[in-house]
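Letters A, B, ... mirror the listed sequences (proteins, then strands); counts begin at 1.
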There are 2 protein chains.
Amino acid sequence: MTSGKAPREGRKRHVSMGDVARRAGVSAQTVSRVSNGYQGVIPQTRELVLKAMDELGYRPNSAARALKLGSFHTIGVITFSLEAVGNHRTIQAISVAAAKAGYAVTLIPVDLPTQSGVEHAFGRLEELAVDAVAVIVEVHLLDRAKVVLPPGVPTVVVDSDAGDAYTVVDTDQADGARQATRHLLELGHTTIRHLAGPESSYAAQRRVDGWRETLIEAGLEVKDIVRGDWSAASGYEAGRTLVADTQCTAVFCANDQMALGLYRAAAEAGRRIPEDLSVVGFDDSADTPAYSPPLTTIHQDFAEVGRRSVAAILEQLRTGEQKPGTSIVPTRFIHRASTAPVRVSS
Amino acid sequence: MTSGKAPREGRKRHVSMGDVARRAGVSAQTVSRVSNGYQGVIPQTRELVLKAMDELGYRPNSAARALKLGSFHTIGVITFSLEAVGNHRTIQAISVAAAKAGYAVTLIPVDLPTQSGVEHAFGRLEELAVDAVAVIVEVHLLDRAKVVLPPGVPTVVVDSDAGDAYTVVDTDQADGARQATRHLLELGHTTIRHLAGPESSYAAQRRVDGWRETLIEAGLEVKDIVRGDWSAASGYEAGRTLVADTQCTAVFCANDQMALGLYRAAAEAGRRIPEDLSVVGFDDSADTPAYSPPLTTIHQDFAEVGRRSVAAILEQLRTGEQKPGTSIVPTRFIHRASTAPVRVSS
DNA sequence: CTTTAGGATGTTTACGTAAACATCGCCTCG
DNA sequence: CGAGGCGATGTTTACGTAAACATCCTAAAG
């Protein structure tokens, strides 16, 4: 009875331009023109098409569009965790900057921070619909021999040491550490210890370097570092060692969360901050102004890192060529209330 | 001299199955079979194809694949900010659970937490390559009349009130608030105040409700709430009001960060925690065990929320139908050291 | 030795879109 | 009044893949 080509009842079929075109009595190409906002369509025709689109519930098929145009307008972000303080701030900035440029952001989680985990994530990359990649993992986790970024895919490596092969956007970790240490020196401290991040972290290593260099320049003793894993809990554990060192009057912490742990260790040991112990953090995370006392720290401009990363990617996408080199985002010293001049002891 | 069809030097053309097929001396379909791990290809042929793939640097084109298969294997996550404590944890969990199921996650940032910002994000959704959507914005920001999720796209609304229209995964905020308040009651506190989150937040509202109900049930006075904006700084500001209330011996904070601010306010006012003031937080964020003293709080299982969200999406994808309903993830009380029995005053 | 089944591989086609090119009609200008 | 030009629209084609179908060959069975 009915037409041989009755609309199937089953799984909702995609409404295509052809369907809209038929309904509107125009060609598919005209539908395409309306869909893409091309100007050379007279209002009357446009109305017709829009009406048909609306009635049929037309939505452009991005797969087809991507196939035709050769671009997804999507940037992949390879990352281990969103939990580390910096990561989600960087990713937030990346996704906002990307959106502003009309790009979406796809997360590619690395399930384990191991060689194989990273390899797996890079493997998935092959099958993912991205035009470019931002890598936010500790790149030294990558065995260069095994993990190769797909050639021809514009890539930016964030906050890590990627050698000369890639475009890198990095925060000036070492300088931040130097600023922090210098500040403590200026306050007259002579025993300035460091609560470091994990050995596996490149950023942690650079912060250790900056601290150490500054002390050596000043001709001061470089005491052993104590390591945490970035967590506040580890900062507390490490902090117990530090507060037990009565010579030590100042601690530079590799991040704010560990500084928070140190606060607790100091409180338990009866050492007041900043009167008995000066503390400088790193990151300038959102909570620090409300620490008790508010934490003197080093501000990291994650937003700028995100912006530059996207800018670098867009540049590569535009010119079509990798441009190895490192873009350094400066850090800024933020003075709050957790540091004070050393008290003349004895 | 050379063949008329020399490989263009210009923009790197995509290596297609056809290219590989020609090189390997097989058909494109066989390349497809090898690419997809189909078993009925004899090892010798497979080797040939793999070798050709390798030599040419073949990478499957996901746009074409998506067009053919009608699926991107991608879930879109609409969110305002990654900064709010819960968000990035939920998104992390979603992306991991999604990856486990072979799905990628695309972030769709809402640039402003306003009606128009949300509308814009939903607009972008139309052109994005996603099979399903998880919405992690305060849904009441949406004007139902204006913002309509594209029909036929499986959708899950996370931690928000979406009425009966969508599948919802929600944390049991009210129950968490009740547990927190009950704990304080059991310790003998009779003036228990609430440091609430912003009025615009659904979660904040539910926590207020849970706190209020419990106090009313106990026949206690319900004092005015003081509001913050989730930030530690706002917790400090609001906290100054609360610590000034000498009758008040216990505060239930709508999140951990504001509790941290309250800690500072208490310290400045010379009120010790927990001796003079008991504090309960909400979220069980990573830092809380290292607060000084460690914060008693309500654990939110963000990972479970993420897992259930993905599960619900996969279910919708599988069956092809929306299944409205709410899945409630329980909260858990975590006893640490910031609460103590009320001291007999006077 | 012929037949047949089934495994391995090749050929055709469609997915939905947009660029490139083709057509048509109307307006302007000489 | 005719040529030319241009604006609006239609037609053809290709993007890269995988399902469906077609073919070929080998080996086992009769």
Side-chain angles (χ1 to χ4, degrees), chain A residues 5 8 10-50 52-53 56-73 126-131 150 152, chain B residues 5 8 10-50 52-53 56-73 126-129 131 152:
Chain A
K5 217 183 172 189
R8 285 313 213 99
R11 292 285 163 270
K12 52 218 162 229
R13 276 250 305 104
H14 195 97
V15 178
S16 77
M17 288 191 160
D19 301 329
V20 176
R22 218 165 303 124
R23 175 91 168 212
V26 300
S27 75
Q29 185 58 35
T30 297
V31 176
S32 170
R33 288 193 258 255
V34 171
S35 177
N36 293 333
Y38 175 74
Q39 286 307 311
V41 180
I42 64 175
Q44 187 186 348
T45 309
R46 179 186 307 279
E47 277 314 311
L48 227 54
V49 172
L50 289 176
M53 280 181 172
L56 264 41
Y58 170 77
R59 297 199 306 130
N61 179 316
S62 14
R65 187 173 251 160
L67 174 59
K68 194 78 180 79
L69 301 177
S71 156
F72 292 93
H73 273 89
E126 302 266 321
E127 68 201 35
L128 279 176
V130 298
D131 302 327
Chain B
K5 216 183 172 188
R8 284 316 212 100
R11 291 286 163 269
K12 55 224 163 219
R13 276 253 303 104
H14 196 96
V15 178
S16 78
M17 289 194 160
D19 302 328
V20 176
R22 220 165 301 125
R23 176 94 166 207
V26 300
S27 75
Q29 185 58 39
T30 296
V31 177
S32 171
R33 288 194 259 257
V34 171
S35 177
N36 293 335
Y38 174 73
Q39 287 308 309
V41 180
I42 64 175
Q44 187 186 348
T45 309
R46 178 186 307 279
E47 277 313 311
L48 227 54
V49 172
L50 290 175
M53 280 180 171
L56 265 40
Y58 170 78
R59 299 197 306 128
N61 179 316
S62 14
R65 188 172 251 160
L67 174 58
K68 194 77 181 77
L69 302 177
S71 156
F72 290 93
H73 273 90
E126 302 266 322
E127 68 202 37
L128 280 177
D131 302 326

Item to check | Integer-rounded Å distance: dA14(D) P and M17(A) CE | outcome: 20 Å
Next on the checklist: Using OP1 and OP2 only, check whether a side-chain N or O of S16(B) sits under 4.0 Å from dG16(D).
Outcome noted: no
Checklist entry - Of T30(A), V31(A), V34(A), which meets side-chain contact (heavy atoms from CB on, under 4.5 Å) against T45(A)? => result T30(A)
Checklist entry - Rounded to whole angstroms, how far apart are CZ on R22(A) and P on dG16(C)? => result 11 Å
Item to check | Separation of atom CG in N61(A) from atom P in dC15(C), rounded to whole Å | outcome: 11 Å
Checklist outcome for this item: What one should report as the nearest heavy-atom pair of S71(B) and D131(B) is OG-OD2, 3.0 Å
Short N/O separations, protein against nucleotides 5-10 of chain C, under 3.5 angstrom:
unit_1  : atom_1 : unit_2 : atom_2 : d
dT9(C)  : OP1    : T45(B) : OG1    : 2.3
dT9(C)  : OP2    : I42(B) : N      : 3.1
dG10(C) : OP2    : S27(B) : N      : 2.8
dG10(C) : OP2    : S27(B) : OG     : 3.0
dG10(C) : OP2    : T30(B) : OG1    : 2.7
dG10(C) : N7     : R33(B) : NH2    : 2.8

Checklist entry - Between Q44(A) (CD) and dG7(D) (C1'), how many Å, whole number? => result 15 Å
Checklist entry - Taking NZ from K68(A) and C1' from dA18(C), how many angstroms apart are they, rounded to a whole number? => result 5 Å
Checklist entry - Rounding to a whole Å, what distance do you find between F72(B):CZ and dT17(D):C1'? => result 13 Å
Item to check | Interatomic spacing from CZ in R65(B) to CG in N36(B) - rounded to 0.5 Å | outcome: 4.5 Å
Checklist outcome for this item: Expected string for nucleotides 23-28 of chain D under the B/S/- scheme (protein heavy atoms, under 4.0 Å, primed atoms plus P, OP1, OP2 as sugar-phosphate) is ------
Checklist outcome for this item: dist S35(B):OG -> Q29(B):CD (nearest 0.5 Å) comes out at 10.5 Å
Item to check | Any residue meeting side-chain contact (heavy atoms from CB on, under 4.5 Å) with A129(A), in chain and number order, not counting sequence neighbours | outcome: F72(A), S62(B)
Checklist entry - Axis-to-axis angle across the helix from dC1(C)-dG30(D) to dG30(C)-dC1(D), five pairs an end, to 10 degrees? => result 50°
Checklist outcome for this item: Smallest heavy-atom separation, L67(A) atom then A63(B) atom, equals N-CB, 3.6 Å
Checklist entry - Given atom CZ of R65(B) and atom P of dA19(D), what is their separation to the nearest angstrom? => result 10 Å
Checklist entry - Would you say N36(B) reaches dA18(D)'s phosphate, i.e. side-chain N/O to OP1/OP2 under 4.0 Å? => result yes
Next on the checklist: Quick check: closest heavy atoms across A21(A) and S27(A), and the distance to 0.1 Å?
Outcome noted: CB-C, 3.6 Å
Checklist entry - Which residue pairs pass the salt bridge (charged side-chain N to carboxylate O under 4.0 Å, His left out) test with at least one member in residues 23-32 of chain B, sequence neighbours excluded? => result R23(B)-E55(B)
Checklist entry - Nearest-Å distance, CG (L67(A)) to P (dA18(D))? => result 12 Å
Checklist entry - Which pairs pass salt bridge (charged side-chain N to carboxylate O under 4.0 Å, His left out) with one or both residues in residues 28-47 of chain A, sequence neighbours excluded? => result none
Next on the checklist: Nearest 0.5 angstrom please: R22(B) CZ to L56(B) CG, how far?
Outcome noted: 9.5 Å
